Structures are given as structure tokens and as C-alpha cells.
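This structure is a prediction, so every number in the text was calculated from the model and none was measured. Proteins come first, then strands; the chains are lettered A, B, ... in the order of their sequence lines, and each starts at number 1.
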Amino acid sequence: MVLTVSWTVFSGPTRYISLASAAFFGIGIYVTAVLGDGLPFLAVIAFGGFASFLLALLVGLSSLRLRGMYFTIFTFGLSEFIRHSVLWWEVNITGTVGRLVVSADNITVYYTMLTIVLLTLAMAYFTKKTKYGLALLAIGESEEAADHVGINVNAIKIVAFAMSTFFVGTAGATMATRWTYIDPSIAFDPLLSFMPVLMAIFGGIRRIHGQIIGATVLTLLADMLLTKFPYYYNLLYGIILIAVILFLPEGLAGLREKVTERRESALVK
Amino acid sequence: MRILEGKDLQKYFGGLAAAAGIDFHINQGEIVGLIGPNGAGKTTLFNLISGSIAPTSGIIMFKGENILGLKPHQICKRGLARTFQLVKLFGSMTVSQNILLAFLFGRSGGIHKSDAERESSNLLEFVGLSGMGGVIAKEMTIANQKRLEVARALATKPELLLLDELMAGLNPTEVAEATELILKIRKKGVTIFMIEHVMKAIMGVSDRIIALHYGKKISEGTPEEITADKTVREIYLGI
């Protein structure tokens with residue numbers, strides 16, 4: 001959910017589809033793996049966030065001039081590049097593939113995660129409310145026009161992108177303590193980049209509660225299908241996704257409005 | 001006083017000269033028209049002034065400061081706004097959101113949101129869109145979209161406004177309304193530099209007209225002088 005809401009803060013309004021969530025999440029995980037021994041839990045998590053923030057600043061500076069498809073491919077490539085670099089480093093320099101992570105007890109992890117979720121939601125909400133949220137929307141509509149009404153397009157894009165990845169990093173840093181063992185293919189799993197996009201579209205990009213619904217429903221759905229229909233799991237999952245995207249372009253959150261609209265038009269008749 | 005001055009502006013796209021050493025100036029409070037056949041470099045000149053593209057060489061002085069090399073948003077904050085030949089609105093947003101953005105990010109910068117909202121409704125009335133604040137921008141007629149673009153440019157509080165073919169695609173009534181709007185804007189103290197193909201309209205409102213051809217200034221003068229000019233008649237007016 002953190003990944004989905006964070007992703008949408010930037011990619012929703014601006015229409016820059018980023019496929020680098022895994023990179024930011026993975027950075028968070030590795031921060032915990034490397035620093036987890038020496039530092040207190042919260043400091044490690046904050047570090048995870050900052051590492052991800054800094055990485056996003058760099059990515060933003062180098063890539064946000066690219067538009068549309070090019071940006072998407074670049075972020076995906078970057079994510080994969082980091083995964084392979086870390087793998088190479090671990091194999092050739094450290095001499096191992098995975099790492100053991102100091103684990104924290106479940107209750108601490110739960111409350112930390114809850115706090116991160118709430119903070120992410122707060123960030124998403126306030127970004128939407130302020131003039132910068134409006135500016136991000138404007139950038140999605142027409143970058144050139146936005147520039148000409150005095151919006152510093154590049155600065156806003158980069159800061160929003162970096163901010164939105166901060167929480168992804170902290171989430172990674174927290175989750176690492178639950179998994180106890182990590183390696184590059186777990187930490188930088190490409191699926192982590194695709195899931196937020198899917199969940200956001202599934203729930204509804206334009207509304208925050210849509211992303212919450214999307215993330216929750218899809219996670220529960222995946223678990224349910226996996227236990228009930230272990231053989232047809234992927235098939236059913238795919239069919240449901242396609243159906244929602246085809247028939248509900250506004251996502252699940254758009255469903256309620258559609259129903260009320262229909263009721264109103266029925267009344268008029 | 002000269003509010004805008006360009007010296008020896010050059011812009012080449014490959015080997016093609018869109019601006020081949022243009023010198024021009026705009027005085028404060030004037031309405032200046034820019035005419036010329038298609039591909040003469042009119043819009044390129046506007047893009048150079050507003051910072052959309054960088055010139056190959058030259059100088060552009062705005063209020064005594066060289067604005068060459070500045071980004072569009074920096075130029076906008078110095079008091080120069082523009083509209084586009086093909087309307088570039090924030091299409092899926094409402095009319096008032098379009099204007100609000102310009103208030104919040106233009107020259108009035110730190111303005112409070114409620115003040116901006118009040119000023120937006122005044123501005124909507126000024127351009128003739130009162131009561132349409134809640135409409136989605138791209139669902140309006142082209143004439144209203146153009147009004148909104150003018151309103152959005154005005155909301156940045158410019159001293160100089162560049163209008164790129166405001167009248168294109170409008171019917172005669174709408175052209176008359178647009179002309180009236182231009183005169184109203186000038187009355188507010190905003191200097192206007194406009195590209196236009198509707199001859200009747202531009203001859204009627206302009207104090208001075210500049211004619212371009214192949215990136216060169218071929219003539220400059222009052223509307224009467226321009227219509228009498230032999231080169232302009234041959235190249236552009238075709239009479």
C-alpha cells in the first residue's frame with residue numbers, strides 16, 4: 001500500500017509512469033541489511049528513507065527530461081541495473097549472494113509499518129491539497145503551458161519524485177527485518193515495480209481511497225486465490241485484472257460514482 | 001520607453017533560418033502586430049522571446065534586462081506572458097483551476113488561495129467567462145478556450161502579453177469580441193504583441209505592425225504604411 005500510494009503521488013498526476021519502485025524498496029532493504037547490526041531500529045529505517053530519497057534525486061536529475069515511454073523504460077532499466085550491480089558486488093567482492101538481517105519482533109514491525117502507511121497517506125493527502133499538487137496535475141496536462149505560467153517544472157518534478165520515494169525506502173527497511181534473509185533478487189524483485197502500478201490502476205488513480213482499496217483488495221485477492229485455487233491462481237488473477245481495467249477505467253473507486261450516476265439517470269427517466 | 005527589444009536575433013533549424021537577424025522593439029503601452037506568410041518565423045520569434053527555445057545568437061532585452069537564456073517560468077515571473085497558436089490549456093482541469101494555477105505560480109507568487117479565488121472570478125468576468133469556473137476546460141468551445149488562455153496569461157500579472165493567433169478559427173462575431181478584449185487589456189496597462197492573420201482585426205487594433213518573411217523583417221510601420229508597402233503587398237497580401 002505504501003508503494004502504491006507513494007507511486008501515485010508522483011506518477012498519478014504527472015503521467016510519468018515510473019517502474020523503479022523496486023529500486024527504492026530494495027535500497028531500503030539493503031540499508032537495513034548493512035546497517036541493521038549497529039544502529040537502532042528507527043535510525044536504520046530513516047536511513048533507508050534517505051538513501052531512497054537521494055537515489056531518487058539523482059534519478060530525477062538525470063531522467064525526468066525524458067517523457068512518456070522513455071521515462072518508463074529508463075526507470076525499469078535502472079531498477080534492473082541496480083539489482084545486477086548489487087548481485088555482482090555481493091558475489092565478487094563480499095563473496096556471498098544473500099545476507100542475514102537482524103530481525104525485529106513482529107509487534108514493532110507492525111506498528112512501524114502502520115506509522116509509515118499513515119505518514120504516506122498524510123503526504124499524499126497534503127500534496128493533493130497544496131498548490132504543488134495542482135502544479136503536478138498541470139505538468140501532466142501540459143508541461144509547456146505549466147512552464148509558461150511560472151511553474152518551475154523540473155524542480156517540482158524532481159522534488160515530488162524524491163519525496164514520494166522516501167516512504168518506499170522506509171517500507172523496504174522495515175520489511176527487511178521480517179524476512180531475515182535477503183538477496184538481490186528478493187530485494188529488487190521487478191514485480192515490486194509493477195504491482196504498485198497495477199494496484200493504483202485497479203483501485204483508481206485519481207482518488208487516494210482508490211489506491212487503498214486497490215492495494216488491499218489485490219493483496220487479499222492474491223492470497224485468497226492462491227490458497228483456494230492453487231492451480232488456477234494466476235489465470236483467475238489475470239482475468240479479474242483485465243475485467244476491471246476494461247470495464248472500470250476509473251478503477252474500483254470509480255464504481256461507486258458510476259452506480260450513483262446510473263441511479264440518478266434512472267430517476268430522471 | 002522600450003519594454004522589449006530584440007537585437008540581431010538568429011535561430012537556425014539545421015540550415016533553415018527561422019530568424020535571420022531580426023531587430024525589433026516594443027514600446028510600453030503599445031499594441032504591435034506581427035504578420036507574415038506561413039513559415040515566416042512569427043511563432044519562432046514568440047518562442048524565442050518567451051524562452052521556449054534558445055536562439056542561435058542575439059540579445060533580447062525586457063525592461064532593460066537581458067532575458068536570453070532564461071527558462072519560461074523565470075521569464076513569466078519577470079512579467080511576460082503568452083498564449084499559444086494551438087491552445088495549450090490544462091484540459092481536464094476546471095476553468096478556475098487553470099487560472100488559479102497562474103495566480104499561485106505567476107508573479108503574485110505567495111498570494112493566499114482565497115484571494116486568488118476571488119481574483120479568479122473577477123478575471124473570468126473580465127474575459128467574458130463569468131459563471132463558467134466549474135466547467136472542464138477542454139469541454140468548452142474553441143472561442144471560450146482561447147478566452148481562458150488569455151485569462152490564464154493575465155493571471156500571471158504580465159506587463160507584456162504575447163498573443164499567438166488569438167483570432168484563428170473564430171467566427172466574425174467572436175473576432176469582434178476578441179478585438180474588444182484586446183483593447184480592454186491594453187486599457188489595464190498591459191502592452192500587447194500579437195501574431196494575427198485576420199487582416200481587418202490586426203489593422204484595426206495595432207498601433208504599429210511588423211512584417212516578417214523568411215526570418216527577416218521586411219517592413220515596419222503604422223497599419224496604413226504597411227498596407228501601402230510594396231513588398232508586403234507582393235509577398236503577403238497578394239494584391
Table please: side-chain donor-acceptor pairs of residues 180-189 of chain B below 3.5 Å, with sequence neighbours left out.
from     : atom 1 : to       : atom 2 : distance (Å)
B/Lys184 : NZ     : B/Phe126 : O      : 2.8
B/Arg186 : NH1    : B/Gly29  : O      : 3.2
B/Arg186 : NH1    : B/Asp207 : OD2    : 2.9

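- Ionic pairing of A/Lys157 and A/Glu143 is present here: one or more N-O contacts between side-chain nitrogen and carboxylate oxygen are shorter than 4.0 angstrom.
- Looking at B/Leu100, the atoms closer than 4.5 Å to chain A (heavy atoms on both sides) all sit in the side chain, from C-beta outward.
- Between B/Phe193 and B/Phe24, the angle of the ring planes stays under 30°, which puts this pair in the parallel group of the 30/60° scheme.
- Listed by chain and number, the residues in a salt bridge (charged side-chain N to carboxylate O under 4.0 Å, His left out) with B/Lys11 amount to none (sequence neighbours excluded).
- The stretch residues 61-73 of chain B places B/Pro72, B/His73 near chain A, each with some heavy atom under 4.5 Å from a heavy atom of that chain.
- Side-chain atoms of B/Ser96 and B/Glu117 include no donor-acceptor pair closer than 3.5 Å.
- Within the 4.5 angstrom heavy-atom criterion, only side-chain atoms of B/Thr156, from C-beta onward, approach chain A.
- Counting heavy atoms from C-beta on, the side chains of B/Leu45 and B/Asn47 never come closer than 4.5 Å.
- With chain A as partner, the option from B/Ala153, B/Gly51, B/Ala81, B/Ser52 having the largest number of non-hydrogen pairs under 4.5 angstrom is B/Ser52.
- Residue B/Ala102 touches chain A through both its backbone and its side chain, counting heavy-atom pairs closer than 4.5 Å.
- Residues forming a salt bridge (charged side-chain N to carboxylate O under 4.0 Å, His left out) with B/Asp115 (at least two apart in sequence, or on another chain): B/Arg118.
- Contact check for A/Phe126 versus A/Leu121: no side-chain heavy atoms found under the 4.5 Å cut-off.
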